[in-house]
Amino acid sequence: MYSYYHPYDRNQGMNANTSYTTLIDPFVVSRLQSVMGKMLIVETTKDTIRGDLIEVQPDHISLKAGDSVFFVRIQQIVSIMPV
């Protein structure tokens, strides 16, 4: 959930507060870390990406596919299959 308060919002006054909340699934993060550096097929809610897993963060992963790097939010991942 992402909330943004404009600093000049009449209801909020002059103080700007930005908050960011994300759910972390430690089991998914742990499993992804165990296949770091390997080729994966990652199915997301929008598309499927095949590439090398180069980074795992609590909220996203980085996949290198060819010359491109894709950053995928873990919350958008449907399935992961090592190749």
Side-chain angles (χ1 to χ4, degrees):
M1 179 166 85
Y2 178 80
S3 301
Y4 174 73
Y5 303 102
H6 191 276
Y8 300 108
D9 187 347
R10 292 179 202 166
N11 297 329
Q12 299 297 324
M14 294 300 289
N15 294 330
N17 295 320
T18 302
S19 65
Y20 176 76
T21 305
T22 186
L23 299 174
I24 297 173
D25 189 338
F27 297 105
V28 173
V29 172
S30 175
R31 182 63 61 183
L32 286 164
Q33 288 173 336
S34 73
V35 292
M36 180 85 82
K38 296 186 180 178
M39 174 77 74
L40 301 178
I41 298 174
V42 178
E43 181 186 357
T44 68
T45 56
K46 184 177 179 182
D47 205 357
T48 301
I49 305 168
R50 180 184 184 133
D52 294 318
L53 182 62
I54 58 173
E55 182 182 28
V56 177
Q57 295 293 327
D59 64 336
H60 75 277
I61 62 171
S62 303
L63 289 171
K64 183 167 178 64
D67 293 333
S68 301
V69 176
F70 293 89
F71 303 96
V72 181
R73 289 191 56 173
I74 290 178
Q75 291 178 348
Q76 300 298 313
I77 295 174
V78 176
S79 67
I80 303 162
M81 183 173 68
V83 179

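Note: hydrogens, waters and symmetry copies are ignored here, and every other heavy atom, side chains too, is used.
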*M36: what forms a side chain to side chain contact (heavy atoms under 4.5 Å, CB included) with it, not counting sequence neighbours?*
L53, V56
_So, taking the atom named CD in E55 and the one named NE2 in H60, what distance separates them when rounded to the nearest 0.5 Å?_
4.5 Å
*Any idea which heavy atoms bring T48 and I41 closest together, and the distance?*
CG2-CG2, 3.5 Å
*Please round to the nearest 0.5 Å and tell me the distance separating atom CD1 of I49 and atom NZ of K64.*
14.0 Å
*How close do G51 and L63 get, heavy atom to heavy atom, and via which atoms?*
O-CD2, 3.9 Å
*Following the transitive rule for hydrophobic clusters with a side-chain heavy-atom cut-off under 4.5 Å over Ile, Leu, Val, Met, Phe, Trp and Tyr, establish whether I77 and L40 coincide in one cluster.*
yes
Validation: residues 66-73 side-chain donor-acceptor distances under 3.5 Å, sequence neighbours left out:
{"residue": "R73", "atom": "NH2", "partner": "Q75", "partner atom": "OE1", "Å": "2.7"}

*Do D59 and I74 come within less than 4.5 Å of each other through their side chains, counting heavy atoms only?*
no
*Give, for atom CD1 of I80 and atom CD1 of I61, the distance between the pair rounded to the nearest 0.5 Å.*
6.0 Å
For residues 25-33, dump all side-chain donor-acceptor pairs below 3.5 Å to protein atoms at least two apart in sequence or in another chain.
{"residue": "D25", "atom": "OD1", "partner": "F27", "partner atom": "N", "Å": "3.2"}

